Every structure is written in C-alpha cells, then in structure tokens.
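As the structure is a computational prediction, the values presented were derived from the model and not from experiment. Every chain is numbered from 1, with letters handed out A, B, ... down the list of sequences.
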2 protein chains.
Amino acid sequence: MATINDVAERAGVSVTTVSRVLNNRGYISEKMRQRVYRAMEELNYQPNEIARSLLRKQSNLIGLIIPNVAHPFFGEFASSVEYYAYQNGCKLLLCNSQLDPVKERDYIEMMRRHRVDGIIMGSHTLEVEEYRNLNYPIVTLDRKIDDLPYVASDNERGGELAAQLLISKGCRKIAHICGNLKLEMLSNRRTIGFERVARQHNVEFMTIQTNMDVFDQQEYDRIISRLMAEFPDIDGVFATSDIIAAFVIKWCRKFGKQVPGQIRIVGYDDVNAATWINPGITTIRQPIREMGRLAVELIRRQMDGETIEKEHLLPVELVERETT
Amino acid sequence: MATINDVAERAGVSVTTVSRVLNNRGYISEKMRQRVYRAMEELNYQPNEIARSLLRKQSNLIGLIIPNVAHPFFGEFASSVEYYAYQNGCKLLLCNSQLDPVKERDYIEMMRRHRVDGIIMGSHTLEVEEYRNLNYPIVTLDRKIDDLPYVASDNERGGELAAQLLISKGCRKIAHICGNLKLEMLSNRRTIGFERVARQHNVEFMTIQTNMDVFDQQEYDRIISRLMAEFPDIDGVFATSDIIAAFVIKWCRKFGKQVPGQIRIVGYDDVNAATWINPGITTIRQPIREMGRLAVELIRRQMDGETIEKEHLLPVELVERETT
DNA sequence: ATTGACATGTCAAACGTTTGACATATATAA
DNA sequence: TTATATATGTCAAACGTTTGACATGTCAAT
C-alpha cells in the first residue's frame with residue numbers, strides 16, 4: 001500500500017508538502033493541492049491511520065462492551081452508539097462479553113492495548129474494584145460504579161408507570177419478572193418503583209428473578225411456564241424487557257389465557273420488536289437512541305478534558321399497545 | 001500511560017529484554033521473566049498495540065459492514081462474527097451502512113485507512129466496479145461480485161422448501177414477499193426456487209418486492225396491508241425474512257384471518273425472534289452462526305495468503321413451527 | 001527599496017514497538 | 001580445555017506520519 005513518500009515522489013514534491021495538503025496547514029497553492037490529490041488518487045493512497053494514531057496518541061476508536069448484540073435492546077443501543085460515533089469521526093470496536101467475567105476483563109485489556117479513546121460499558125460482571133482502577137474515559141450503561149459517569153433510563157419511574165397502568169386496568173395479582181437483583185444494576189430500581197406502587201394500592205404481587213441478561217430462551221420458558229402453572233390466577237405481568245414479555249404472551253397462549261382479556265402485560269425497553277410482536281406489547285419506553293448519543297458525547301467530552309456530571313437519567317414513557 | 005521504556009527502567013533491564021519477555025523469543029531466565037512481569041504490573045502496563053500494528057503491518061482488526069445491527073438477522077450475524085474474530089485474536093470494527101452508498105464508501109475508506117486485516121461486506125450498495133478495485137481481503141455476504149469469495153445460504157433450495165411446504169399443506173394462492181430483485185443479491189434466488197416449484201405444481205402465486213433491507217416498519221405495514229386488502233383470498237405467504245413474516249401475522253390478525261387455519265406463513269432466516277413471536281414462525285433456517293464463522297475464517301485464510309474457493313453455499317433447513 | 005504574505009523545500013525528531021547484529025559473561029557438557 | 005547453550009546487554013533501523021525550525025524563493029503593496 002502506498003505511503004506518503006510514494007505520493008510525494010509521484011507528485012514531485014516533498015512529503016512535508018503532501019502532509020500540508022493532507023492536514024490543511026501552512027500555505028498551499030491550488031495548483032499544488034490538485035497535483036497532490038491527483039497523485040494520491042493515482043496511487044489509491046489512504047493515509048495510514050495507525051501511524052497517525054501513534055503520533056497523535058488518539059485512536060479515534062470507541063470501545064463498546066455489551067452482553068450480546070444479538071439481544072434486541074443491545075442491538076439497538078449498539079446501532080445508536082455506532083451512528084453517533086461515526087458522527088464524531090470515530091469508529092466502533094464491538095465486544096460481546098456474553099456476561100463472562102474472563103472475557104470481559106480480557107476485552108477491557110484489549111481495548112487499553114489498542115488505546116481506544118473511551119469505553120462504553122454495557123456489561124458489568126467484574127468487581128467494582130477493577131473498574132475503579134481503570135483510569136480511562138468510561139461511560140457505564142445502567143450501572144452506578146463509584147463516581148463513574150453513567151447513562152440510564154429513569155428506571156424507578158418506569159416501574160411506577162407499569163404498576164399504575166396495570167392497577168388502573170383492574171389487575172389484582174401481578175407478577176413482576178426482573179433480572180438478578182443481586183447484581184447492582186440500576187434496572188433493579190424498576191422493581192422498587194413497581195413494588196412501592198403495588199403496595200400503595202394494596203395489590204398483591206410477586207417478584208420473580210431471572211438472569212435476564214443472559215438471554216437464555218430456555219430459561220425464560222422454564223420460569224414463565226412454571227409461573228403460569230403455579231399461579232393460574234395472576235391477571236397482570238410486568239416484565240423487565242419486551243422479550244420476556246413476548247415469552248409471557250407465548251405461554252399465555254399455550255395456557256389458553258386471553259391477552260389482555262384475562263391477563264395484562266407490560267414490557268420494558270420498547271425495542272422495535274415490541275411493535276411487530278402479536279399482540280403489540282404495551283411497554284415502558286427507554287430512549288435507546290438518545291442513550292447511545294449521550295454515551296458517545298460523554299466519552300468525547302471526557303477526552304476533551306471537560307468535567308462532566310455523573311448522573312444521566314433519561315425519561316421513560318409509557319407506550320400503550322395491545323397487551324393491556 | 002506507561003511505555004516499554006518505563007517497564008525496562010523499573011525492572012532495571014534493557015528494553016530488548018522486556019520485549020523478549022513480551023514476545024517469548026530468545027533466552028530469558030525465569031527470575032528475569034518474573035521481574036519484568038512485576039514491573040509491568042506495578043506500572044499497569046499494556047503494550048501499545050498501535051505501535052505494534054505499525055511495525056507488523058497487521059492491525060488484528062476485522063471490519064464488518066452491514067445495513068444495521070439492530071436488524072435481528074444482522075445482529076445475530078454480527079454476534080457470530082465477533083465471537084469468531086475474538087477466537088482468532090482479532091477485534092471487530094462495526095459499521096452500519098444504513099444502505100447509504102455514501103456512508104458505505106466512506107466506511108470502506110475508513111477501514112483501509114485503519115488498515116483492517118479484512119472486510120466482511122454484508123451491505124452492497126456500491127457499483128461492482130468499486131468493490132473490484134478494492135484489492136483487499138474481502139468476504140461478501142449473500143452477494144456475488146466478480147470472483148470475490150462469498151458466503152451465503154442455499155437460497156434457491158430455501159425457496160423450494162418453502163414452496164413445497166406451503167403447497168403440501170394445501171395452499172393454492174401464495175404471496176411471496178421478497179427484497180428488491182434489481183439488486184444483485186443471492187437472496188433473489190429464493191424467489192427463483194419458490195417460483196419454479198409453484199409453477200411445477202400449477203399453484204397461483206404473486207411476487208411482491210420490497211426494499212426489505214431497509215427494515216422500514218412503515219413500508220412493511222403499507223405493503224402487507226395493501227396485499228391483504230387487494231387479495232383477500234391468498235392462503236399462503238412466503239416472506240423473505242422472519243420479521244416480514246411477523247408483520248404478515250400482525251396483519252392477518254387485524255384482518256381476522258386465522259394462522260395457520262386460513263392462511264399459512266413461512267419466513268426465512270430463523271432468527272431468535274422466530275421462536276418467541278406468536279405464533280412461532282415456520283421458517284427456512286440459515287446457519288447464521290456458521291456463516292459468521294466461515295466469513296472470519298475466509299478472511300484469515302486470505303491474510304495467510306492461502307488461495308480459497310470462492311463459493312460457500314451453506315445448507316438451509318426447514319423448521320416447522322406454528323404458522324403452517 | 002523595503003516589507004510581508006505566500007509558497008515550497010530540507011532536515012530531523014517524535015510516537016512505541018520489534019528485531020537483527022553484535023558483544024559479553026556464566027555455567028555446563030564433551 | 002574447549003565448545004556450546006543460556007542469559008543479558010547495547011545499538012540502531014524500521015514502521016508511516018506529523019510538526020517545528022529554518023531556508024529560500026516570488027510577488028505585490030507600500
């Protein structure tokens with residue numbers, strides 16, 4: 001592949017001149033500019049970004065670690081991050097941790113070796129200690145670690161909205177399916193909001209924990225089928241993701257329960273799938289696009305040395321469809 | 001961030017020695033090895049992969065260009081590519097072209113500038129000419145461009161299987177919803193296979209083109225609702241993706257048509273969503289995981305200078321669920 | 001005639017690493 | 001004793017680019 005020297009030679013000028021053209025600095029006549037551009041084209045030259053990065057000490061790479069892009073929520077989040085990274089002249093390094101601490105640690109090291117400009121952490125399987133010592137521009141998704149900046153939706157409010165809707169529709173016995181509450185994720189606050197409102201209204205409820213992030217379909221099937229079998233009289237479900245909600249719908253169908261006639265369901269996230277699942281899922285909308293945008297912005301501002309606020313709670317919104 | 005010089009200084013040895021430890025070459029005593037490792041740990045040292053890349057002329061980066069990771073098929077494909085890239089000691093650079101030729105061209109240039117080791121192209125909006133001149137390790141997904149290597153599922157066979165199933169279930173008037181046939185995608189062969197079998201059995205059919213890749217939900221709604229309104233007597237649908245199939249189900253519901261009672265539906269891909277949509281979608285399974293694995297392997301083998309076969313057609317499989 | 005903006009050139013250091021050539025020393029085996 | 005394997009060191013080039021210091025022009029305006 002052609003180098004800047006080849007271009008200089010071909011254009012019959014010095015490398016300095018080529019560099020000046022490339023970086024728009026110093027005086028360059030229009031003729032010269034054209035001459036250099038022509039040479040670059042003839043050689044199909046692309047400046048070596050690796051050499052540039054080495055010198056600039058900036059890679060223009062943003063690292064994203066998530067459990068798995070194949071999960072709709074993370075897929076849409078990654079899509080947004082990628083979009084805004086591009087807008088900021090950055091490229092996206094994608095890592096699926098599979099929620100495996102070994103892999104996650106390994107990925108973080110890789111990213112440091114590659115000198116990515118910042119890391120967006122949507123997977124958090126390590127000890128707080130390890131993140132603390134990272135000393136790197138970081139943004140966390142849905143998790144509060146010391147005073148690392150994070151972006152999250154207003155989970156507690158989301159839980160409240162879900163509970164309020166179900167109760168207002170007349171539900172008297174509601175199952176809430178959430179993630180593993182032992183992991184210190186902010187999404188646990190959905191449970192707090194939900195339970196508070198349920199208690200306020202004296203509505204019976206039960207909270208069922210899954211390892212939701214793993215996105216293990218069999219696990220979902222197991223948990224939900226057991227739930228339906230053991231408690232045939234529940235008339236409402238608040239699931240912590242739209243995908244779980246979809247599984248609930250599926251099992252309602254198998255158990256011959258009408259949705260929303262006999263049982264009402266509220267999901268969370270408002271991923272695209274929520275609209276094309278049948279029936280359309282009533283859900284708590286997280287502003288996924290905006291969360292991605294903000295995450296990138298926060299990385300960028302840290303790179304620029306700005307001091308940034310740590311808390312970034314984005315508003316949620318109830319989107320009513322056909323399951324309530 | 002610490003450099004190899006800092007490590008050498010701290011360990012009281014020469015950089016050459018540190019480098020030898022790092023790369024396992026030459027003679028190194030166990031004591032020395034430990035001493036160097038300790039210094040690296042104390043300094044929280046990570047070798048600068050950028051400097052290494054510059055020297056080695058190898059970035060250990062694989063570029064992936066797809067329309068959008070948020071689309072389930074591409075999300076699952078990306079997930080697989082990421083997994084196998086990691087297995088091969090590579091990192092994944094993710095780009096969503098949004099099927100925008102300008103963006104796609106820009107991304108390809110970016111990747112060349114970053115000297116990625118190879119590019120997996122799942123988006124092809126440019127003229128053949130541009131790909132031809134790329135002169136780079138490339139693998140194409142579902143598209144044949146000159147003699148660039150490609151991986152694809154056995155689309156024609158998939159179309160046949162779908163048609164055979166629908167017909168064997170008694171369908172007499174089948175709608176086939178496919179992508180834009182003008183784009184020279186291998187997925188068009190699904191249409192060929194489907195139409196041939198339909199003709200053989202003298203079954204009436206109609207082929208409806210969409211710009212499927214765009215994943216525009218409104219477009220889907222528009223096309224499918226019109227289809228259902230104009231041809232209320234169709235009793236079978238072969239959709240070129242599971243997502244489109246989901247939209248068909250949705251509109252069947254709105255039109256009060258029973259699935260599979262009055263109308264049978266077959267999708268394509270077998271993305272995860274196919275199992276959790278209601279009813280579960282009967283579909284033609286592409287081995288997505290394997291396609292990702294193969295794509296990475298083909299990049300790696302090109303890097304190693306091997307000559308590789310160009311055609312990689314992977315078998316499809318009928319997965320029957322509840323829509324037929 | 002002088003000044004200053006414009007245009008290009010030469011040269012070399014720097015970014016962090018690897019690698020080869022070569023030197024030197026110790027310990028062990030033949 | 002000699003040869004050989006082991007262990008470490010010094011030195012410098014190379015990867016491709018940017019950048020600053022400095023030199024040397026031309027040309028037009030004062």
Side-chain angles (χ1 to χ4, degrees), chain A residues 1-40 43-61 89 109-117 303, chain B residues 1-40 43-61 89 109-117 303:
Chain A
M1 195 156 273
T3 74
I4 198 174
N5 287 287
D6 302 329
V7 175
E9 199 171 328
R10 174 133 200 156
V13 302
S14 70
V15 276
T16 304
T17 302
V18 177
S19 182
R20 289 210 257 255
V21 169
L22 230 35
N23 299 284
N24 271 319
R25 48 172 58 242
Y27 296 116
I28 289 289
S29 69
E30 197 47 38
K31 275 160 301 182
M32 181 55 78
R33 200 181 292 278
Q34 293 313 320
R35 190 135 66 96
V36 171
Y37 278 140
R38 181 140 8 94
M40 296 198 304
L43 293 171
N44 201 357
Y45 170 76
Q46 294 288 353
N48 185 330
E49 207 55 51
I50 295 180
R52 285 179 159 189
S53 296
L54 183 58
L55 197 63
R56 271 197 271 99
K57 298 161 154 305
Q58 239 208 48
S59 61
N60 287 332
L61 251 37
E109 283 186 3
M110 267 192 189
M111 296 204 163
R112 294 188 64 217
R113 281 202 295 275
H114 278 273
R115 301 294 192 265
V116 299
D117 292 338
M303 286 166 51
Chain B
M1 194 158 270
T3 74
I4 198 174
N5 287 286
D6 303 329
V7 175
E9 200 172 325
R10 173 135 200 153
V13 301
S14 70
V15 278
T16 306
T17 303
V18 177
S19 182
R20 288 209 258 255
V21 170
L22 231 35
N23 299 285
N24 272 318
R25 47 173 57 240
Y27 296 116
I28 289 289
S29 68
E30 198 46 39
K31 274 160 303 183
M32 181 55 77
R33 200 181 292 277
Q34 292 314 318
R35 190 134 68 98
V36 170
Y37 278 141
R38 180 138 12 92
M40 296 199 303
L43 293 170
N44 201 359
Y45 170 76
Q46 293 289 352
N48 186 330
E49 206 56 50
I50 295 181
R52 285 181 158 185
S53 296
L54 183 57
L55 197 64
R56 271 197 270 99
K57 295 162 157 304
Q58 241 209 44
S59 62
N60 287 330
L61 252 37
E109 283 186 1
M110 265 192 191
M111 297 205 161
R112 294 187 63 218
R113 281 202 296 273
H114 278 273
R115 301 294 192 264
V116 300
D117 292 338
M303 284 167 50

Discussion item. Is there a side-chain contact between B:R52 and the phosphate of C:dT18, meaning an N or O under 4.0 Å from OP1 or OP2?
Written reply: yes

Practice prompt. Would you classify A:I50 as touching base, sugar-phosphate or nothing, given that sugar-phosphate means primed atoms plus P, OP1 and OP2, and contacts are heavy atoms under 4.0 Å?
Written response: nothing

Item to complete: Using only side-chain N and O atoms of A:N48, determine if any of them is under 4.0 Å from OP1 or OP2 of D:dT17.
Response: no

Item to complete: Answer yes if the side chains of A:T17 and A:S14 hold a donor-acceptor pair under 3.5 Å, and no otherwise.
Response: yes

Fill in: B:R35 with B:E30: basic N within carboxylate O range, under 4.0 Å
no

Worksheet item: Which is true for A:V13 with a 4.0 Å heavy-atom rule: it touches a base, it touches only sugar-phosphate, or it touches nothing?
Response: sugar-phosphate

Item to complete: Could you please name the option among D:dT18, C:dT10, D:dG16 that lies closest to any side-chain atom of A:T3?
Response: D:dG16

Item to complete: Please confirm whether the backbone N or O of A:I50 pairs with a side-chain atom of A:N48, one donor and one acceptor, at under 3.5 Å?
Response: yes

Worksheet item: Quick one: B:L54 CG to D:dA13 P, roughly how many Å, whole number?
Response: 17 Å

Fill in: Any B:S19 side-chain nitrogen or oxygen under 4.0 Å from OP1 or OP2 of C:dT18
yes

Worksheet entry | Options C:dT17, D:dT18, D:dA5, nucleotide nearest the side-chain atoms of B:I4 | C:dT17

Worksheet entry | OP1 or OP2 of D:dT6 under 4.0 Å from side-chain N/O of B:Y27 | yes

Worksheet, complete the sentence: Heavy atoms of A:T3 and A:Y45 approach each other most closely as C-CE1, 3.5 Å

Item to complete: Report yes if at least one side-chain N or O of B:Y45 is closer than 4.0 Å to OP1 or OP2 of C:dT17; otherwise report no.
Response: yes

Worksheet item: Considering only side-chain heavy atoms of A:L55, which listed nucleotide, D:dG20, C:dT8, C:dC15, is closest?
Response: C:dC15

Response to the item:
Taking for A:R20 and for A:M1 the nucleotide of DNA chain D with the nearest heavy atom, the one nearer the 5' end belongs to A:M1

Worksheet item: Roughly, in whole Å, what's the span from CG in A:L22 to P in D:dG16?
Response: 15 Å

Item to complete: Would you classify B:T16 as touching base, sugar-phosphate or nothing, given that sugar-phosphate means primed atoms plus P, OP1 and OP2, and contacts are heavy atoms under 4.0 Å?
Response: base

Item to complete: Could you tell me whether A:S29 contacts a base, only the sugar-phosphate backbone, or nothing, with contacts defined as non-hydrogen atoms closer than 4.0 Å?
Response: sugar-phosphate

Worksheet item: When the distance from CG of B:N24 to P of D:dA7 is rounded to whole Å, what number comes out?
Response: 13 Å

Discussion item. Tell me whether the side-chain N/O atoms of A:K57 come closer than 4.0 Å to OP1 or OP2 in C:dG16.
Written reply: yes

Discussion item. Under 4.0 Å, counting only non-hydrogen atoms across every strand here, what does A:T17 touch: a base, just sugar-phosphate, or nothing?
Written reply: sugar-phosphate

Fill in: B:N5 CG to D:dT10 C1', straight-line distance once rounded to whole Å
14 Å

Fill in: Spacing between B:R56 atom CZ and C:dT19 atom P, to the nearest angstrom
9 Å

Discussion item. Using a strict threshold of under 4.0 Å (side-chain N to carboxylate O), is an ion pair present between A:E109 and A:R112?
Written reply: no

Practice prompt. Mind calculating the distance between CZ (A:R112) and C1' (C:dG16) to the nearest angstrom?
Written response: 15 Å

Fill in: Interatomic distance where CZ belongs to B:R35 and C1' belongs to D:dG9 [whole Å]
13 Å

Discussion item. Should the side chain of A:R115 and the base of C:dG16 be counted as holding a donor-acceptor pair, with the cut-off at 3.5 Å?
Written reply: no

Worksheet item: Is there a donor on the side chain of B:R25 or the base of C:dG20 sitting less than 3.5 Å from an acceptor on the other?
Response: no

Worksheet item: Do the side-chain N and O atoms of B:N24 and B:R33 include a donor-acceptor pair separated by under 3.5 angstrom?
Response: yes

Worksheet entry | Spacing of B:R113 atom CZ relative to D:dG16 atom P, expressed in whole Å | 17 Å

